[in-house]
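See structure below.
Note that this is a predicted model, so its numbers are computed, not measured. Quick note on labels: first sequence line is chain A, next is B, and so on, each numbered from 1.
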Amino acid sequence: MKDYTKAQAEAITCLDEPLQIIACAGSGKTQVISQRIARILAQPGVQPRNVVAFTFTEKAAAELKDRVLGIVSRENGDVTGLAEMYIGTMHGYCLDLLQRLVPDTFKFSVLSDITARLLVDRNSRKSGLTVCPTSLASTPRLKRYLHSKLYLQAMSVLREDTIDESQIPPGVVAAQVDYLKLLYSKASFDFTEMINLTVQMLEGDPAEDEDAAAVQAHVREDIRYVVVDEYQDVNPLQEQLIRGLVQFGANLCVVGDDDQTIYQWRGSQVSNIVTFAGRYQGVRQVTLADNFRSSEGIVELAQSVASLIPSGERLAKEMVSAGSQKWERGDLLALTFDDDAAETAWICDRIEQLRGIPFQGSPGAEPRGLSWSDCAVLYRSVRADADSLVAELRRRNIPYVVKGLNRLFDSPEIQAVVGIFRAMIGEITDNDLRQLWLDAGLLPDLLRWDDALTVLEQGRDFDRGKRWGIYNIQRLYLDFLEALELREETLSGAPERGELVFYQLGKFSQVISDFEQIYFNTSPAEKYDAFVKWLTHQAPDYYADSDADAGYATPDAVTLATVHQAKGMQWPAVFVPCLRKNRFPSKRQGGVGLFHVIPETAVDQPDRYKGTVQDETRLFYVAVTRAQKYLALTFSPGHSQLYRNRSLLFDHCAAQTWVSTRQSTKPLPDKIEPKALQETPQVTISFSELKYLLECPYSFKLRFLYGFNPPIHEALGYGKGLHDGLAEVHKKAIAGELLGPSDAAELVDRHLYLPFAYPELRTTLRTSAIKAVERYFAVHGEEIPRTLHSEKQIQVHVAPGVTVDGRVDLIRRLDTDELSIVDFKSTDRAQAEDVTRDQLHVYAVGYEELTGENADLIEVLNLDEAGRNTREEVEDSLLAEIRDRIREAGDSIRSNTLPRLDNWTHHCERCDLVALCRDKPNPPAMLR
DNA sequence: CAGATAGACGTTTTT
DNA sequence: CGTCTATCTG
């Protein structure tokens, strides 16, 4: 405990009172939370499953998990059972909770922003979109495509915020009812509904609703400690969730910094954190004021920025520098330039100057030379302002990464791909298409073009068969690429180009999946027509700010990001350019907005959704506190009238004594060898991903790094439905309730969801599913009471930062008293889950980590009529070997060495993406 | 010099 | 559609 400050130690040891930790920037918050969780776990009688910790992002969760694991294994030497502690996002928690305890939701899947929009657009009336009234005189109704985003925002706000329902127009209420009806009829959650339904379960009457009773019983029995990180960004619905989880007396600890609230436009409410102590009884407040990240100059500057926020809207606190960095005159700069070009040039000059300057991460550490990745340029808007810097960095050959902006549809490669479908419906000629592909540099082998055209020709023929499912867009796309024999290596240009192009092609495969998931059951001609229209008019906008990070490897490059994306990060040198009036603080937005659907007065603190000067000040505070030592704030007049003047934030900073307004002419210290700080990224993969990785690293790369998806199969959902049905059987058995063959039809009807099947297939599959369940009861009925666990969540920690997680179908005690790990297998041709011995041994490793107990047997139970079951002993030698192989697999992801198999194997035979990898070997001459 | 009016312009994003 | 700026008007 002596490495901690007094405040930190107080936070760590306070386990029994409601605790509010106010953590200033760089105060070692994550370390404190992890240490506190380790303390909780060390108490006698506390099990890992008694602890729930929420983070804002998956990334933050991975980091926290790894820290806790590190501390626990160091201090206790044993991490058994830790997989049962939940550390993750609230969304993930709610989804998991529902799909464990509420059988009706087992079959539900989650819509992304994009697929939710597609669903609303396609069902414009049924979703309520076009019937939802607005207060606009000129646009009395919302329009398809144009307003689906706004409509979804309103649908979220209505559920997430504190709303005065009496003020909501009846038409809007009716629209919302329609929307939810559609969502549930499609067995889908949007991001809000996972939390909303969980809250309903937590607040429902257990006497009336058996699902609510099950959820509440679980919470009452298991949850004893709840920790909420980034508490300042919690919205009212999430606050309700937290209250529901602690309603039976669990301890609550919230951690946050009100000065860093930057998501109020998404509904988060600063007042949650500001009034926390007044809303819960006997709250202990601890302020972590020591900043271990930045120099005194930066801390003082940040303090002066925070003081611009009116005192009634923030918690009083005084951040102090712990002296981890030394402030020197000239580290902090506020500079003005005549134009954009001069500003950009200076930033590049400065980055080049700083490269190789000795830097110590903490006092006493070995100095290293700063490198590219130690510099970050943070914008209010990357989209609006970053172009000129990108051009200059490229001109100077300085490596850089622009976060979160990919502009997928701008690239000639994607335009060429879009051309395939435009040509298909006759919007452009085949010659135009060829020209597009030539211009994009995607035709290494012109001879193959005719084969590709044949694929197109066949695709155009809508009289091939009656079933709409055979007119599969994804299939056509992959066939087209296959006909061209397009390979990563054979593309012209620099070697990295192949990787870049494949990344784009893979993203496009994801675009097709998104579309086809919603439009699968549309007549072929209409479907292709709608696809092209969507690709030209909507998709570029939908995907404009979609995720662009390619894998886990971190390049040594300058980071360009928005301030929002920089949250939680730090760099030795930070640049904040384009500090222009109306940009930062940003001018308020016009346009058709939320309050044209929902009356402003019905919402508590409606200003959140509009953006205030205080919000912008908090955002700027976040930007400043990212810097460890060097911080440059710059301004040059923008091109348009609106952005000609200096930002008031810039002027405020320039007036601070710690800041220089002219760069010093004194020479910088002597340079040493630049050495990038290599952070080992956290790698978390699922069992199914691991399966691909162990079989063929390149197949893993194509699927999970590039994003290629296999075509949708009409029977998709069959295997899942069977699994879910049996899961309910076994879960009920654990609770003491035994189902039998007469329940088979009801089970299948509850769990089998076949969104892509045509009517005839649906009937066939339903019948065979019922038979399979009946057969299961007939063959295994007597063993059902021997269930120990069903759908058991397990995790394997192989090496620091490498986690594999997944679920084991069934764990049971045989009549021989042996412990058996069981995997169900069904012939679901869409997702032929081939369970290998390797994979089952991974389960055995996971089970051992979870319970400390060794499994004796691994079994595969085939649910098919003709299928064979297998049963074999767990092999200890294989267990050790599998650990090594997973560790290697983790390393290969991090270093991005994911090569093809050396030669054609049986894995290639069954791989549905093999066309993107290699040719089929020629059959032996005799067979030709 | 206050007030009216025309014209320019349009952010951030996890789950 | 709303906000900010420049310019015009009395």
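- If you measure from atom CZ of A:Arg583 to atom P of C:dT3, you get 17 Å, rounded to the nearest angstrom.
- Among the nucleotides C:dC1, B:dT14, B:dT12, the one closest to any side-chain atom of A:Phe56 is B:dT14.
- Taking the ring centre of A:Phe56 as origin, the terminal cationic atom of A:Lys567 falls inside the region bounded by 6.0 Å and 45° from the ring axis.
- Counting non-hydrogen atoms under 4.0 angstrom, A:Val382 reaches the backbone sugars and phosphates but no base.
- Rounded to a whole Å, the CG atom of A:Leu150 is 13 Å from the P atom of C:dG2.
- Base engagement by A:Ser586 is indicated by at least one non-hydrogen atom pair under 4.0 Å involving a base atom.
- For the pair A:Arg266 and A:Tyr263, the cation-pi criterion (under 6.0 Å, within 45° of the ring axis) is fulfilled.
- Between A:Lys581 and the phosphate of C:dT5, there is a side-chain N or O to OP1/OP2 separation shorter than 4.0 Å.
- Taking 4.0 angstrom as the limit, A:Arg266 places none of its side-chain polar atoms (N or O) nearer than this to OP1 or OP2 of B:dT12.
- Classification of the A:Phe189-A:Tyr184 ring pair by plane angle, with boundaries at 30° and 60°, yields perpendicular.
- For C:dT3, the OP1/OP2 oxygens have no side-chain nitrogen or oxygen of A:Asn582 closer than 4.0 Å.
- Rounded to an integer number of Å, the gap from A:Asp385 CG to B:dT11 P is 10 Å.
- Summarising the geometry, the separation between CG on A:Leu146 and P on C:dC1 is reported as 12 Å, rounded to the nearest angstrom.
- Looking at A:Arg380, its side chain comes within 3.5 Å of the base of B:dT12 through a donor and an acceptor atom.
- Taking atom CD of A:Glu160 as the reference point, atom P of B:dT14 lies 15 Å away to the nearest angstrom.
- Of the candidate nucleotides B:dT14, B:dC9, B:dT13, B:dT14 has the atom nearest to the side chain of A:Asp113.
- When distances run from any side-chain atom of A:Thr57 to the nucleotides B:dT14, B:dT13, B:dC9, the shortest one goes to B:dT14.
- Between A:Ser381 and the phosphate of B:dT12, there is a side-chain N or O to OP1/OP2 separation shorter than 4.0 Å.
- Heavy atoms of A:Asp190 sit nowhere under 4.0 angstrom from any nucleic acid atom.
- Distances were taken from every side-chain heavy atom of A:Arg588 (C-beta onward) to each of C:dT3, C:dC1, B:dT14; the shortest belongs to C:dT3.
- If you measure from atom NE2 of A:His639 to atom P of B:dC9, you get 12 Å, rounded to the nearest angstrom.
- Across the protein-nucleic acid pair, A:Arg159 atom CZ and B:dT15 atom P stand 18 Å apart, rounded to whole Å.
- Only the C1' atoms considered, B:dT11 is 16 Å distant from C:dC4, to the nearest whole Å.
- Between A:Tyr86 and A:Tyr93, the angle of the ring planes goes over 60°, which puts this pair in the perpendicular group of the 30/60° scheme.
- Residue whose closest nucleotide on DNA chain C sits further toward the 5' end, between A:Gln641 and A:Lys587: A:Lys587.
- Relative to the ring axis of A:Tyr643, A:Arg583 places its NZ or CZ within 45° and under 6.0 Å from the centre.
- Distances shown here put every side-chain N or O of A:Thr562 at or beyond 4.0 Å from the OP1 or OP2 atom of B:dT11.
- A straight line from CG of A:Asp541 to P of B:dT13 spans 14 Å, rounded to a whole angstrom.
- At a cut-off of 3.5 Å, with distance as the only test, no side-chain donor of A:Thr115 or A:Gln517 sits close to an acceptor on the other residue.
- Side-chain proximity of A:Arg644 to the nucleotides B:dC9, B:dT13, C:dA6 is greatest for C:dA6.
- Contacts of A:Tyr643 with the nucleic acid, taken as non-hydrogen atoms under 4.0 Å apart, involve only primed sugar atoms and P, OP1 or OP2.
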